Novice: 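This is the structure I want to talk about, given as structure tokens.
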Amino acid sequence: MSKVATRFAPSPTGALHIGGVRTALFNWLYTKNQNGTFHLRIEDTDKERSKEEYKLQIIKSLKWIGIEHDGDEYIQSKKIDDHIKVANELLKNGNAYKCYCSTEEIEEQKKRAKQKKIPYVYDRKWRDVDEKDCPKNIKPVIRFKSKIDGSSLLKDLVQGDVQIENNSIEDFIILRNDGTPTYNLSVTVDDHQMGMTHIIRGDDHKINTFKQIQIYLAMGWEVPKFAHIPLIHTLEGKKLSKRDNASTLDDYSKIGIMPDALRNYLLRLGWSYQDKEIFTLDESIKFFNLEGIGKSPSKLDISRILSMNEHYIKTIDENDLYTNLVNYCEIYKDKINTQKETKIKSSLSFLKNKAKTLEDIFNNAKYIILDEVKFNEDDLKLIDNKAKKIINEFQNEIKSLESLNKENLEPIINKLIKQNETNFKGVGQPLRIALTGSKFGPGLYDIFISLGKDDVEQRLGKIL
RNA sequence: GGUCCCUUCGUCUAUCGGUUAGGACAGCUGGUUUUCAUCCUGCAAAGGGGGGUUCGAUUCCCCCAGGGACCGCCA
């Protein structure tokens, strides 16, 4: 038994789609579990739409979630000559033939079939025509001589046995009339040359598999094992497409979803291991298997992603959380000044209790991260004369204090409540707004302590 | 339309013939609480329909219905 080798083969025609990320994850996890190798193939033969920047973005996205491929990436467009060679070989050994039908001719046939409401299949017009009877002035396409009789069985590792009548697979084109290879040929040749043992890919490729297997067989190559995983659907139940909102990785990272949380969510979307919900990276490698993959498509649910992220925010090491926060803020928000590191780190224990995302943490920590308090008009209105009086009294009370802590602040707050014949809110809210610019946020004592005496005095002074 | 696949709480799922059908998220209660949260109680919530097989079906088989994927000289 040869060592397991898998691949992820995206086409660089756009940002990486979350369904693609899951496919990559499953391949990678399976490979790690089996101690094999995981490869990345860039299917860039669509010259019109493929872009180098997308390739880079794909690699970056995979890396973000923790996936790195073995070896260099395999660039499909560089292997076109090999694909053509195989097509010619297929032609030579009688498994393929030249078809001289024009595009118009085919279109016409399709149209007619549609009118008659019968399924269109290419009529194999040139399948058995002798070479000497063929026109010389038309550039032909090369079609694969697909099996007509009997049926084929795919022993799919996820879907189980899938059987299909051979005559439902038409003589598909493997070489266009401009001499370039088509998808099914290229994929098969590449997978073979790359030595792939397991092809784990989306369900939408299932029918292609029957075509590809025939090429393997015709070339006398070893056929890899296939596992077709169900697609991810939108909440409406449709195939996730690039046009759908929030379906690229970036959409999630920019709202402050952490890579590990998304990895865990994606792992459990369509795969399960008893009742276990939370998997560390090591655990996901250790427990991942193909048997745990379900057969029915699953829907993408943002609330579960959020709660998974919340769970990771609350449970991971605070140093790791801080690193995640710094990385996040640098890309999407204001860069965190390293001088603020100590203050923020020590505040994480209460900041994270109010956060589902890194963005939430950023918002709650804004008053520390930013040097200037940003007020909004409505909140500022709450600082009336009465409020100012309270703030002033508070200033006087803390003057003599060495530093601020809950023990020495609590009596002061209580005193002020009594003095002004009000409640906690009456004292707390003006102070909170003066210090953070917001009615909401961390506990009042947490704010004082995290800011420190100097900052508190300075900010309170400013508002009076 | 043809071919293939799928069908357990709203969502992700457990169950590999015998369970009060379990868990998680979301939802809704109640409690703690200094705003907002967190945290802790509890509640509600599911086998698409119809036939079989069996002592017994969510589980095995068939039919129907619903949903999905594919049907390019795109990948």
Side-chain angles (χ1 to χ4, degrees), chain A residues 9-13 43-46 48-50 76 99 101-103 106-107 110 113-114 116-121 139-143 154 156 158-160 162-165 167-170 172-184 186-187 202-208 210 228 230-231 233 235 237-239 265 268-278 291-292 294-308 310-311 314 350-356 360 364 410 413 417 423-425 427-429 432-433 436 438-447:
Chain A
S11 51
T13 54
E43 305 203 330
D44 59 342
T45 51
D46 184 339
E48 301 283 303
R49 297 189 299 149
S50 295
Q76 187 165 62
C99 164
C101 292
S102 64
T103 316
I106 300 287
E107 286 305 315
K110 281 186 186 170
K114 207 170 182 182
K116 286 191 197 161
K117 292 199 164 158
I118 53 170
Y120 165 77
V121 241
K139 285 209 93 179
V141 298
I142 312 287
R143 283 182 187 269
L154 167 64
D156 195 282
V158 168
Q159 307 280 329
V162 183
Q163 198 165 30
I164 196 172
E165 295 298 315
N167 63 19
S168 71
I169 297 167
E170 68 168 5
F172 55 98
I173 294 168
I174 53 176
L175 226 52
R176 303 182 182 97
N177 64 4
D178 66 0
T180 57
T182 60
Y183 173 74
N184 281 299
S186 296
V187 164
D203 214 356
D204 46 347
H205 287 289
K206 202 159 57 191
I207 301 298
N208 285 329
F210 289 94
H228 288 94
L231 301 175
H233 283 176
L235 247 16
K238 301 284 183 222
K239 178 184 175 180
Y265 170 77
R268 281 285 287 97
L269 189 66
W271 180 83
S272 62
Y273 186 80
Q274 292 158 11
D275 275 344
K276 196 169 164 59
E277 301 281 352
I278 306 300
E291 295 77 53
K295 286 180 156 197
S296 51
S298 34
K299 290 173 185 153
L300 200 63
D301 184 354
I302 185 68
S303 76
R304 284 180 65 86
I305 298 178
L306 251 17
S307 71
M308 183 64 80
E310 185 181 7
H311 177 267
K314 297 216 167 92
F350 63 83
L351 288 173
K352 68 183 181 185
N353 280 336
K354 302 171 190 304
K356 278 182 155 58
D360 292 341
N364 281 324
E410 203 161 20
I413 298 289
I417 292 173
N423 54 17
F424 187 92
K425 193 180 171 189
V427 173
Q429 197 172 67
R432 172 190 298 283
I433 292 172
T436 70
S438 171
K439 278 191 288 188
F440 311 113
L444 194 57
Y445 297 112
D446 287 331
I447 294 173

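Owing to the predicted nature of the structure, the values given are computational and were not obtained by experimental measurement.
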Novice: Answer with base, sugar-phosphate or nothing: what part of the nucleic acid does A:Gly202 contact at a heavy-atom distance below 4.0 Å?
Specialist: nothing
Novice: Please report, rounded to the nearest Å, how far the P atom of B:U3 is from the CZ atom of A:Phe172.
Specialist: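 After rounding, the gap between these two atoms is 20 Å.
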Novice: One character per nucleotide, please: for nucleotides 69-75 of chain B, 5' to 3', B when the base has a protein heavy atom closer than 4.0 Å, S when only the sugar-phosphate does, - otherwise.
Specialist: SS-SBBB
Novice: Would you mind reporting whether A:Arg304 and A:Leu269 have side-chain heavy atoms less than 4.5 Å apart?
Specialist: no
Novice: Within the structure shown, what part of the strands sits under 4.0 Å from A:Gln163 by heavy-atom distance: base, sugar-phosphate, or nothing?
Specialist: sugar-phosphate
Novice: Roughly how many Å apart are B:U13 and B:U7, using the C1' atom of each and rounding to a whole number?
Specialist: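 That atom pair is separated by 14 Å.
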Novice: Taking protein heavy atoms under 4.0 Å as touching, what does nucleotides 28-35 of chain B look like 5' to 3' if B marks base contact, S marks sugar-phosphate-only contact and - marks none?
Specialist: ------BB
Novice: Can you tell me which nucleotide in B:G22, B:A26, B:C5 comes closest to the side chain of A:Ser307?
Specialist: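 Of the candidates, B:A26 comes closest.
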Novice: Say whether A:Asp203 and A:His228, considering side chains only, have a donor N or O and an acceptor N or O under 3.5 Å apart.
Specialist: no
Novice: Could you work out the separation of B:G50 and B:U59 based on their P atoms and round it to a whole Å?
Specialist: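 Result for the P pair: 13 Å, nearest Å.
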Novice: Determine the interatomic distance between C1' on B:A69 and the same-named atom on B:A37; round to the nearest Å.
Specialist: 43 Å
Novice: Between A:Lys354 and A:Glu310, does at least one N-O distance fall below 4.0 Å, as a salt bridge requires?
Specialist: no
Novice: Take atom C1' in B:A26 and the same atom in B:U11, then report the distance between them in whole Å.
Specialist: 7 Å
Novice: Let's see if you can work this out: which of B:U13, B:U38, B:U11 has an atom nearest to the side-chain heavy atoms of A:Lys314?
Specialist: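 It is B:U38.
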Novice: Measure across A:Gly202 and A:Leu231 and return the closest heavy-atom pair with its distance rounded to 0.1 Å.
Specialist: CA-CD2, 4.1 Å
Novice: Does B:G1 have a Watson-Crick or wobble partner in any strand here, with both distances under 3.5 angstrom, and which is it?
Specialist: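 Paired with B:G1, as far as the under-3.5 Å criterion goes, is B:C71.
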Novice: Could you check which nucleotide pairs with B:A65 in any of the strands shown, counting Watson-Crick or G-U wobble with both distances under 3.5 Å?
Specialist: B:U7
Novice: Rounded to whole angstroms, how far apart are CD on A:Gln274 and P on B:A21?
Specialist: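 So the CD-P distance, A:Gln274 to B:A21, works out to 21 Å.
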Novice: When you compare B:C12 with B:C36, how far apart are their C1' atoms, in angstrom units rounded to a whole number?
Specialist: 29 Å
Novice: If the C1' atom of B:G42 is compared with that of B:C62, how far apart are they to the nearest Å?
Specialist: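 Those two atoms are separated by 44 Å.
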Novice: With no angle test and no hydrogens, is the base of B:A26 tied to the side chain of A:Arg304 by a donor-acceptor pair under 3.5 Å?
Specialist: no
Novice: How far apart are the closest heavy atoms of A:Glu43 and A:Gln76, and which atoms are they?
Specialist: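 Taking every non-hydrogen atom into account, CB-OE1, 3.2 Å.
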Novice: Indicate yes or no: at least one non-hydrogen side-chain atom of A:Tyr265 is less than 4.5 angstrom from one of A:Ile302.
Specialist: no
Novice: Using the P atom as the point on both nucleotides, what is the distance between B:C61 and B:C5, in whole Å?
Specialist: 13 Å
Novice: Just to confirm, is there a sub-4.0 Å distance from OP1 or OP2 of B:C25 to any side-chain nitrogen or oxygen of A:Ser303?
Specialist: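 No, A:Ser303 has no side-chain N/O under 4.0 Å of OP1/OP2 on B:C25.
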Novice: Of the options B:G23, B:U3, B:U11, whose atoms approach the side-chain atoms of A:Glu277 most closely?
Specialist: B:G23
Novice: Apply side-chain hydrogen bond (donor to acceptor under 3.5 Å, both in side chains) to the pair A:Thr180 and A:Arg176, showing each step before the final yes or no.
Specialist: CA-CA 5 Å; A:Thr180 57; A:Arg176 303 182 182 97; 2.8 Å; yes
Novice: Roughly how far apart, to the nearest Å, are B:C39 and B:U54 at atom C1'?
Specialist: 50 Å
